Amino acid sequence: MRGVGCMNNNREGSSLSTISNTLSAVKSKPRSHSINYVSSDYESLDYDHYESELTVREEKLNGYKTVVASNVIRWLIYFSIAICTAAVGIFIDTVIEYFCNWKFQSIRNCIDVKHSTVECLIIWILFTVIPTIIGCCVVLFMEPSAAGSGIPFVISYLNGIRIPRMTAVRCLLVKVISVVCVCIAGLGGGKEGPLIHIGAMVGGSVVEAWWKGFRNGPGRKVIGPLQNDRERRDMMAAGAAAGLSAAFGSPVGGTLMSLEEGTSFWSSSLMWKVFFCAAIAFPTYNAGKNVLFSNNTNPSESVHRKSIYFFGKFNENTIYFSYSEFPIFIIFGIFGGLLGALFVNINYHLSIFRMKHIISNRKKLMESVFVAVFVAIINLTSMILLNNCQTKLEISSSNVVQMYCPAGSYNEISSFWLHTPEESIRSLFHYPIEAYSVVPLLVYCVIYFILTELTVGLNMSAGLFLPSLLIGAAWGRIASIVIHYYSPGTIGDDPGKYALLGAAAQLGGIVRATISLTVVFIEATGNVQFLLPLMITLFTAKWTGDFFTDGIYEMQIKLSGVPLLVSEPPPLTSDITTEDFMSDTVCAIPHILMVGKLVDILNTTKHNGFPVVASKVCFCRTRNIEHKCYGLLKGFILRSQLNAILEHNLYLTPLHDENYCIKLELLRKSTYTCHNTQQFQRLKVDEDERSIVIDLGPYMNSAPYIVRLETSLSRTFRLFRTLGLRHIVVINNTNEVVGIVTRKDLAKFRLWRKAATMGLKEVNVY
Ligand code: ATP
């Protein structure tokens with residue numbers, strides 16, 4: 001015996017034929033090497049409130065005191081997320097600082113004291129290759145999901161997609177080791193992006209630790225209401241904001257970045273919690289760093305460190321702009337947008353190449369080693385070939401080499417390679433106009449662009465925030481020199497303003513964030529005066545970049561087949577109704593059924609959610625299409641909840657007694673601990689229990705979200721996106737189930753970019 005309509009075992013049931021003339025519908029069967037596929041490997045999260053008879057009873061019994069206690073615990077969790085994220089950030093910084101100093105000192109000694117190019121090259125290669133091998137091996141052999149900046153994963157998770165191992169402690173450890181190695185090796189990757197992912201992982205891990213800590217004690221009923229995907233999502237959003245806040249010293253920017261890039265659902269209470277977390281992380285991180293690095297002897301560096309501004313404070317008396325400079329800001333934005341689009345495009349093709357040809361772990365490791373050797377060789381070669389000499393000017397002599405330059409001067413490009421990216425960005429923003437000349441800046445900009453392209457996509461944990469800022473600051477400074485040459489008055493006393501705008505344009509052109517980046521720049525420079533130029537540049541960069549390509553994160557998400565729902569429904573789709581894209585062969589479960597029948601349904605299907613119905617199969621007709629009805633809708637139940645009912649024999653204990661709390665806890669636990677493999681394990685029950693009758697009424701969500709057959713695609717899309725839904729049941733005008741829609745059914749509708757420009761003709765996406 002089976003549930004109503006549970007005969008088919010496949011997960012792709014929707015019919016797309018009627019709409020293929022307007023949209024390119026994307027098959028859900030994995031088709032790699034393309035941005036036009038949706039992988040069926042990803043599951044959705046349940047951000048919807050789980051409301052059942054059990055939860056209502058629990059709420060009544062617990063009363064107001066428990067609500068207050070849960071709130072207190074919630075704030076404590078947010079507080080601990082902020083502290084832990086800041087602590088991890090401080091640890092990463094300290095290790096990087098220590099090893100980079102050792103590396104730079106060794107290279108400097110070798111070049112200026114021993115004068116042996118071959119020896120120096122070997123030392124440089126060793127300092128680059130060894131950390132690269134460590135950073136790559138930990139990712140490849142311990143936790144492949146720690147590769148990359150991790151921001152696309154954070155965006156996907158906050159959007160409602162379960163990313164396997166996203167909150168595993170091992171992933172967190174591997175990420176930390178790998179990002180440290182990338183920075184020590186001096187590859188084209190930064191720690192700021194990974195810190196956002198690390199913050200989100202800390203958020204997920206900390207909340208799980210709290211859940212586990214309270215699970216068995218009297219605090220069980222206090223932590224109970226916090227044990228769901230929605231709370232965890234909020235805490236991960238807060239962790240991500242704390243990561244950015246610590247990385248750039250930008251609490252408001254971190255909060256806004258979490259909003260702009262991450263969560264599809266936002267409320268003022270969530271904003272407040274996220275902001276609280278970001279606001280705690282920033283001073284904690286800053287205080288920790290000041291304590292650790294307070295006895296630094298290098299005067300120019302300690303000035304930067306004492307400053308709470310990540311980019312160093314921009315002096316309001318020397319940095320100013322006039323309205324006649326607006327065209328320059330727009331040109332900067334356009335240039336940043338174009339370079340950003342070029343970056344994304346090259347990265348896209350490189351990723352496809354890697355997916356096709358660099359598949360085995362051996363090849364992946366070899367690729368990383370090749371990039372590391374290339375970095376060492378190109379760094380040293382550029383110093384030898386481009387022997388531009390500068391007199392020692394502001395730059396601390398500990399981090400530059402004299403090389404072939406006369407006494408009292410230094411090799412100009414060495415100041416880039418023998419500084420950490422954080423120090424380089426501050427010097428590009430603050431050193432006087434004579435400190436750098438055009439050719440070294442140009443060479444640095446081109447080399448760093450190539451290095452970043454090669455590094456992003458390696459099997460290591462590397463972010464592209466700082467590399468993008470460096471590329472932009474370098475070309476911004478070139479522009480500054482050129483403008484100064486032709487019109488000395490425009491630059492004023494501070495050449496850093498164009499470097500800052502270049503950095504903003506480049507980062508905006510690659511990641512396409514606007515509001516959050518504007519605020520990050522203001523907070524990291526401590527200068528509100530530059531708000532208008534930054535806004536103009538960032539808007540123009542986004543518009544220009546968007547005209548040519550998606551942002552880098554969007555591209556990476558599409559490439560990995562994540563069924564992400566973009567912020568807006570596809571255009572020109574109001575004539576498409578739910579009836580056109582729903583699954584009309586629904587596996588529905590009768591409200592009251594025998595245990596054996598339920599086990600058979602779970603063992604023969606792969607669906608994660610089932611409408612619960614009062615059995616009565618019938619037929620109804622709309623627009624000349626005949627639909628099968630699966631019975632009157634009673635509620636909705638998840639596979640994980642059914643699994644828990646069967647595994648813990650909940651059907652054997654009577655419902656109307658105190659044990660419903662235990663039942664509720666088991667149901668809750670099942671939803672957040674179940675992984676794909678556990679979820680679909682074959683269930684077995686004793687033969688004599690198969691005939692026991694079970695009533696799903698108290699366990700199911702008795703008021704699930706529903707849409708009617710006539711509901712438009714855009715309305716269904718908005719419901720999913722804003723409410724963070726996983727399934728939605730389609731009913732006819734007599735409240736009978738006729739279909740089901742999931743996130744993947746909607747994610748299939750990715751408008752192929754060119755369709756719009758081609759007048760929406762049928763487009764072959766493959
Ligand atoms: P998720 O994987 O997002 O947690 P799920 O496994 O329940 O959810 P999907 O994998 O998104 O569902 O669905 C694959 C296909 O199966 C979709 O076309 C969807 O409409 C269909 N589907 C989902 N649930 C049912 C069901 N109970 N009965 C019939 N078809 C379903």
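Note that ligands are numbered from 1 as they come in the structure, with each ligand's atoms numbered from 1 the same way. No experiment lies behind these values; they were computed from the predicted model shown.
Between V613 and K634 there is no side-chain heavy-atom pair separated by less than 4.5 Å. Using a 4.5 Å cut-off on side-chain heavy atoms (C-beta onward), V595 and R690 make no contact. No side-chain heavy atom of R726 sits less than 4.5 Å from a side-chain heavy atom of L45. The side-chain heavy atoms of I637 and I645, taken from C-beta on, include a pair separated by under 4.5 Å.
Atom 28 (N) of ligand 1 has its nearest heavy-atom neighbour, among C587, P563, P611, in C587. When the heavy-atom distances from atom 21 (C) of ligand 1 to S44, S583, A747 are ranked, the shortest goes to S583. The heavy atom nearest to atom 31 (C) of ligand 1, out of those in H607, R743, R639, R162, is found in H607.
In terms of polar-atom proximity, E43 is not counted as a contact of ligand 1, lacking any N or O under 3.5 Å from an N or O of the ligand. Residue contacts with ligand 1: V586 is placed with no nitrogen or oxygen under 3.5 Å of a nitrogen or oxygen of the ligand (distance criterion only).
Under 4.0 angstrom from ligand 1, the non-hydrogen atoms of N608 come from both its backbone and its side chain. Heavy atoms of T605 found under 4.0 angstrom from ligand 1: none, in either backbone or side chain. Only the side chain of H727 comes within 4.0 Å of ligand 1, judged by heavy-atom distances.
For R726, the closest heavy-atom approach to ligand 1 falls below 4.0 Å.
The pair E231-R74 meets the salt-bridge criterion, with a side-chain N (NZ, NE, NH1 or NH2) lying under 4.0 Å from an Asp/Glu carboxylate O. Using a cutoff of 4.0 Å between basic side-chain nitrogens and carboxylate oxygens, R232 and E208 are scored as salt-bridged.
Ring orientation note: the planes of F636 and H727 are tilted relative to one another, at an angle of 30° to 60°.
Residue-ligand proximity, D745 to ligand 1, at heavy-atom distances under 4.0 Å covers atoms 17 (C), 18 (O), 19 (C), 20 (O).
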